[in-house]
Asker: 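Pasting a structure below so you can have a look.
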Amino acid sequence: MEKTNFNEVMPLVTVYMPTHNRGALIRRAIDSVLNQTYKNLELIICSDGSTDETVDILQEYCDKDPRISYVVNETSQGACYSRNRCIERAKGEFITGLDDDDEFTANRIELFIERHLLEGRNILSASRLYRNDNETRVGDIFEGEITREMLGSANLIGNQLFTKTEYIKSAGGFDTEFPAWQDYDMWYRLVSQFGSCYKLSEPTYIFYVDDNRPRITTGSRAYAGYRMFIEKHMSTLNNKQLKNLYFQDILNRSQPVTLQSLLKNITKTNFKIYLKEKLKKLSFAKKLHALVSRKRTFSKI
């Protein structure tokens with residue numbers, strides 16, 4: 001792809017970031033924004049009732065770089081409320097988000113702007129990298145259009161996207177009533193109102209997976225988010241999508257995918273998920289058997 005001349009056209013991009021007591025981690029996230037190859041940006045952070053050193057760190061960064069600003073919730077109001085406070089203050093023509101314990105690759109925003117300038121794309125997302133203390137792995141790779149029809153079966157966009165600020169404001173921002181699935185709800189409303197999202201195959205978002213910092217992806221809150229999504233968008237969802245969403249909820253809450261649940265919600269997508277989960281269990285069983293056999297061998301020596 002021919003390199004775009006950003007000296008001629010450099011629309012301002014807003015990055016919003018909610019944070020709560022992440023003083024030990026937030027520097028990594030902030031630095032990944034400041035280290036972008038695309039420089040015409042602003043970073044707006046909302047400290048959501050933080051009681052650690054977060055606000056002091058934010059002030060330190062503000063003193064060094066005028067592109068950074070922050071607001072403070074005196075008491076915790078939740079991630080959606082905090083995102084909306086940042087979005088209200090956004091001055092950028094375009095906007096995207098970052099969680100406070102994740103980071104961008106250095107070229108993320110440049111790739112989005114480049115695709116917008118070359119092809120007129122106004123809603124974009126990208127594949128992800130998953131990282132923990134031991135490894136970094138690439139998530140599912142996909143390049144192409146994500147239509148509302150496709151998005152009605154699963155959150156194929158992910159936890160962040162890049163779009164026009166006026167779009168996300170016009171759509172009403174994040175729904176503060178959702179205990180989970182709030183990103184999915186926001187993206188579904190955006191695509192319904194403004195058209196398809198285009199997903200780039202190059203992974204530019206680093207999603208940290210750490211058992212010591214659990215995210216809201218399991219339990220009653222996740223189920224409540226699923227039910228709220230169904231109720232809110234029921235009029236636009238068909239039977240196949242409802243069946244697929246049922247399976248998505250099961251996966252989100254790490255519940256077993258049973259043959260009975262498949263037979264009640266049979267679709268091509270759910271059949272593939274069922275087979276994939278069974279193969280995972282088979283692979284684990286083989287590894288466990290090999291480990292036990294090895295221990296038995298050692299015990300005989």
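These numbers were taken from a predicted model, which means no experiment stands behind them. All residue numbers in this chain count up from 1 along the given sequence. Heavy-atom basis, side chains included; hydrogens, waters and symmetry copies ignored.
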Asker: Does atom NZ of Lys169 have more than 12 heavy-atom neighbours, drawn from other residues, nucleotides or ligands, at distances under 6.0 Å?
Answerer: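 Check passes, neighbour count above 12.
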Asker: What residues, two or more places apart in sequence or in another chain, satisfy salt bridge (Lys or Arg N to Asp or Glu O under 4.0 Å) together with Arg67?
Answerer: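 Partners of Arg67 under the salt bridge (Lys or Arg N to Asp or Glu O under 4.0 Å) test: Asp65.
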Asker: Are Lys232 and Asp175 ion-paired here, with the side-chain N under 4.0 Å from a carboxylate O?
Answerer: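 The answer is yes: the pair qualifies as a salt bridge.
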Asker: For a 4.5 angstrom cut-off between non-hydrogen side-chain atoms, does Arg108 reach Gln36?
Answerer: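 Of all side-chain heavy-atom pairs linking Gln36 with Arg108, at least one is under 4.5 Å.
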Asker: Where is the tightest heavy-atom contact between Lys243 and Asn270, given as atom of each residue plus distance?
Answerer: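 Result for this residue pair: O-ND2, 3.1 Å.
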Asker: Is there a donor-acceptor pair under 3.5 Å between the side chain of Arg253 and the backbone N or O of Ser220?
Answerer: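 Not a single qualifying donor-acceptor pair exists.
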Asker: Does any part of the side chain of Glu277, heavy atoms only, come nearer than 4.5 Å to the side chain of Leu251, both counted from C-beta?
Answerer: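 Sidechains of Glu277 and Leu251: in contact.
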Asker: Give the C-alpha distance, both sets of side-chain angles, the deciding distance and a yes or no for side-chain contact (heavy atoms from CB on, under 4.5 Å) between Ile87 and Phe174.
Answerer: CA-CA 10 Å; Ile87 292 166; Phe174 290 87; 3.8 Å; yes
Asker: More than 12 heavy atoms of other residues, nucleotides or ligands under 6.0 Å from CD of Gln260: yes or no?
Answerer: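 Counting neighbours around CD of Gln260, 12 or fewer heavy atoms of other residues, nucleotides or ligands fall under 6.0 Å, so no.
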Asker: Say you draw a straight line from CZ of Arg27 to CD of Glu60; how long is it, rounded to the nearest 0.5 Å?
Answerer: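 One gets 4.0 Å once the value is rounded to the nearest 0.5 Å.
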Asker: Answer with yes or no whether the side chains of Gln160 and Asp102 bring together a donor and an acceptor at under 3.5 Å.
Answerer: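 No - no donor-acceptor pair under 3.5 Å links their side chains.
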Asker: Any chance CG of Asp140 has more than 12 other-residue heavy atoms, nucleotides or ligands included, within less than 6.0 Å?
Answerer: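 Not more than 12 within 6.0 Å, no.
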Asker: Minimum heavy-atom separation for Ala79 and Asp48, please, with both atom names.
Answerer: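 The answer is N-OD2, 4.4 Å.
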Asker: If I take atom CZ from residue Arg28 and atom CZ from residue Phe104, how far apart are they, to the nearest 0.5 angstrom?
Answerer: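 The CZ atom of Arg28 sits 13.0 Å away from the CZ atom of Phe104.
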Asker: Verify, without hydrogens or angle tests, whether Thr163 (side chain) and Asn122 (backbone) share a donor-acceptor contact under 3.5 angstrom.
Answerer: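 Such a contact is found between Thr163 side chain and Asn122 backbone.
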Asker: Tell me if a side-chain donor or acceptor on Asp185 pairs with a main-chain N or O of Trp181 at a distance below 3.5 Å.
Answerer: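 Not at all, since once roles are kept as given, no pair shorter than 3.5 Å links the two residues.
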Asker: For a quick test of reading the model, state the closest non-hydrogen atom pair linking Leu58 to Ile45 and the distance between them.
Answerer: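 For Leu58 versus Ile45, the nearest heavy atoms are CD2-CD1, 3.5 Å.
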Asker: Can you confirm whether the side chains of Glu88 and Asn84 place a donor and an acceptor under 3.5 Å from each other?
Answerer: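 Checked: Glu88/Asn84 side chains show no N/O donor-acceptor pair below 3.5 Å.
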Asker: Is there a side-chain contact between Glu145 and Arg121, using heavy atoms and a 4.5 Å cut-off?
Answerer: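 Yes, at least one pair of side-chain atoms sits under 4.5 Å.
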Asker: Treating Ser69 as the side-chain partner and Ile44 as the backbone partner, does any N or O pair qualify as donor plus acceptor under 3.5 Å?
Answerer: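 The answer is no, because no donor-acceptor pair under 3.5 Å joins these two groups.
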Asker: Show the numbers, then the answer: is there a salt bridge (charged side-chain N to carboxylate O under 4.0 Å, His left out) between Arg83 and Asp183?
Answerer: CA-CA 11 Å; Arg83 290 178 186 132; Asp183 299 334; 3.4 Å; yes
Asker: To the nearest 0.5 Å, tell me how far Gln77 CD sits from Ser82 OG.
Answerer: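 Between atom CD of Gln77 and atom OG of Ser82 there are 7.5 Å.
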Asker: Could you tell me whether the side chain of Glu93 and the main chain of Pro11 form a donor-acceptor pair under 3.5 Å?
Answerer: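 Here the side-chain-to-backbone pair does not exist.
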Asker: Spell out, as yes or no, whether a donor-acceptor pair under 3.5 Å connects the side chain of Asp99 to the backbone of Asp101.
Answerer: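 Side chain of Asp99 to backbone of Asp101: no pair is present.
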Asker: Do Arg137 and Tyr130 meet the cation-pi criteria used here (NZ or CZ under 6.0 Å from the six-membered ring centre, within 45° of the axis)?
Answerer: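 Flagged: Arg137 positioned over aromatic ring of Tyr130.
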Asker: With side chains defined as the heavy atoms from C-beta onward, is the minimum distance between Val257 and Leu262 less than 4.5 Å?
Answerer: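 No, their side chains stay 4.5 Å or more apart.
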Asker: Using the side chain to side chain contact (heavy atoms under 4.5 Å, CB included) rule, pick out the option among Thr105, Leu98, Leu129, Thr96 that qualifies with Tyr205.
Answerer: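 It is Leu98, the one option of Thr105, Leu98, Leu129, Thr96 that forms the side chain to side chain contact (heavy atoms under 4.5 Å, CB included) with Tyr205.
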Asker: Is it the case that over 12 heavy atoms from other parts of the model lie below 6.0 angstrom from the NZ atom of Lys240?
Answerer: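 Counting other residues, nucleotides and ligands, NZ of Lys240 stays at 12 neighbours or fewer.
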Asker: Is there side-chain contact between Asp31 and Tyr61, with at least one heavy-atom pair below 4.5 Å?
Answerer: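 Asp31 reaches Tyr61 side chain to side chain.
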Asker: Report yes if some heavy atom in the side chain of Phe112 is under 4.5 Å from a heavy atom in the side chain of Leu200; otherwise report no.
Answerer: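 Side chain of Phe112 against side chain of Leu200, heavy atoms only: contact under 4.5 Å found.
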Asker: Nearest heavy-atom pair of Thr165 and Gly92: which atoms, and what distance?
Answerer: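 Minimum heavy-atom separation between Thr165 and Gly92: OG1-O, 2.7 Å.
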Asker: Going through the checks in order, is the side-chain contact (heavy atoms from CB on, under 4.5 Å) test met by Val13 and Phe162?
Answerer: CA-CA 9 Å; Val13 176; Phe162 175 94; 3.9 Å; yes
Asker: When hydrophobic residues are tied together by side-chain contacts of less than 4.5 Å, even through go-betweens, does Tyr81 share a cluster with Met186?
Answerer: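 Different clusters.
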Asker: Find the distance between OG1 (Thr267) and CG (Leu242) and round it off to the nearest 0.5 Å.
Answerer: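 Separation between the atoms: 11.0 Å.
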Asker: Does some side-chain heavy atom of Glu143 sit less than 4.5 Å from a side-chain heavy atom of Glu202?
Answerer: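 Answer no - side chains too far apart.
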Asker: Is Gln59 reaching over with its side chain to a backbone N or O of Asp56, donor-acceptor style, under 3.5 angstrom?
Answerer: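 Looks like no, no N/O pair under 3.5 Å.
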Asker: Membership question, hydrophobic clusters at under 4.5 Å side-chain separation (ILVMFWY): are Val71 and Ile26 in the same one?
Answerer: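 Ile26 does not cluster with Val71.
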Asker: Under 6.0 Å between the ring centres of Tyr184 and Phe229?
Answerer: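 Ring-ring flag for Tyr184/Phe229: true, centres closer than 6.0 Å.
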Asker: Above 12 or not: heavy atoms from other molecules or residues under 6.0 Å from CZ of Phe271?
Answerer: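 No, the 6.0 Å shell around CZ holds no more than 12 heavy atoms from other groups.
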Asker: Kindly write out the residues that satisfy side-chain contact (heavy atoms from CB on, under 4.5 Å) with Arg131, not counting sequence neighbours, or none if the list is empty.
Answerer: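 Partners of Arg131 by the side-chain contact (heavy atoms from CB on, under 4.5 Å) criterion, ordered by chain and then number, come out as Glu103, Thr136, Ile206, Tyr208.
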Asker: Do Glu42 and Arg89 pass the salt bridge (charged side-chain N to carboxylate O under 4.0 Å, His left out) test, and can you show the C-alpha distance, the side-chain angles, and the key distance before you say yes or no?
Answerer: CA-CA 11 Å; Glu42 65 172 356; Arg89 288 160 175 75; over 6 Å; no
Asker: Looking at Lys39, I'd like to know if its NZ atom is crowded, meaning that more than 12 non-hydrogen atoms belonging to other residues, nucleotides or ligands lie closer than 6.0 Å.
Answerer: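 Yes, because the 6.0 Å sphere around NZ of Lys39 holds more than 12 heavy atoms from other groups.
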Asker: Roughly how far, to the nearest 0.5 Å, is the CG atom of Leu25 from the OG1 atom of Thr19?
Answerer: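 The OG1 atom of Thr19 sits 8.5 Å away from the CG atom of Leu25.
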Asker: Could you tell me whether the side chain of Tyr70 reaches within less than 4.5 Å of the side chain of Cys62, counting heavy atoms only?
Answerer: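 A side-chain contact exists here, since the closest heavy-atom pair is under 4.5 Å.
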Asker: I'd like to know if the side chain of Asn132 and the backbone of Glu135 have a donor-acceptor N/O pair within less than 3.5 Å.
Answerer: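 Checked: pair present.
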Asker: Tell me whether Leu12 shares a hydrophobic cluster with Ile30, the cluster being built from Ile, Leu, Val, Met, Phe, Trp, Tyr side chains joined at under 4.5 Å.
Answerer: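 Each belongs to a different hydrophobic cluster.
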Asker: Quick one: does Arg148's side chain have a donor or acceptor within less than 3.5 Å of a partner on Tyr188's backbone?
Answerer: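 Judged by distance alone, no pair lies under 3.5 Å.
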Asker: How close do Arg85 and Cys46 get, heavy atom to heavy atom, and via which atoms?
Answerer: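 Nearest heavy atoms, Arg85 then Cys46: CD-SG, 4.3 Å.
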Asker: Is it true that a side-chain atom of Arg128 and a backbone atom of Phe207 form a donor plus acceptor pair closer than 3.5 Å?
Answerer: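 Not a single qualifying donor-acceptor pair exists.
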Asker: Restricting to non-hydrogen atoms, name the atom on Ile146 and the atom on Leu156 that form the minimum distance, rounded to 0.1 Å.
Answerer: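 The answer is CD1-O, 3.6 Å.
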Asker: Can you check side-chain hydrogen bond (donor to acceptor under 3.5 Å, both in side chains) on Asn244 and Gln248, steps first, answer last?
Answerer: CA-CA 6 Å; Asn244 289 338; Gln248 291 302 309; over 6 Å; no
Asker: Taking only residues two or more places apart in sequence or in another chain, which ones pass side-chain hydrogen bond (donor to acceptor under 3.5 Å, both in side chains) with Gln193?
Answerer: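 Once residues adjacent in sequence are excluded, the partners of Gln193 under the side-chain hydrogen bond (donor to acceptor under 3.5 Å, both in side chains) criterion are Ser170.
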Asker: Tell me whether Tyr246 at atom OH has more than 12 heavy atoms from other residues, nucleotides or ligands lying less than 6.0 Å away.
Answerer: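 Atom OH in Tyr246 is not crowded, with 12 or fewer foreign heavy atoms closer than 6.0 Å.
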Asker: Can you tell me how far CG of Leu161 sits from CD1 of Ile168, rounded to the nearest 0.5 angstrom?
Answerer: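 Nearest 0.5 Å value for the CD1-CG distance: 6.5 Å.
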Asker: Assess the side chains of Asp100 and His20: does a donor N or O sit below 3.5 Å from an acceptor N or O?
Answerer: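 No, no side-chain donor-acceptor pair sits under 3.5 Å.
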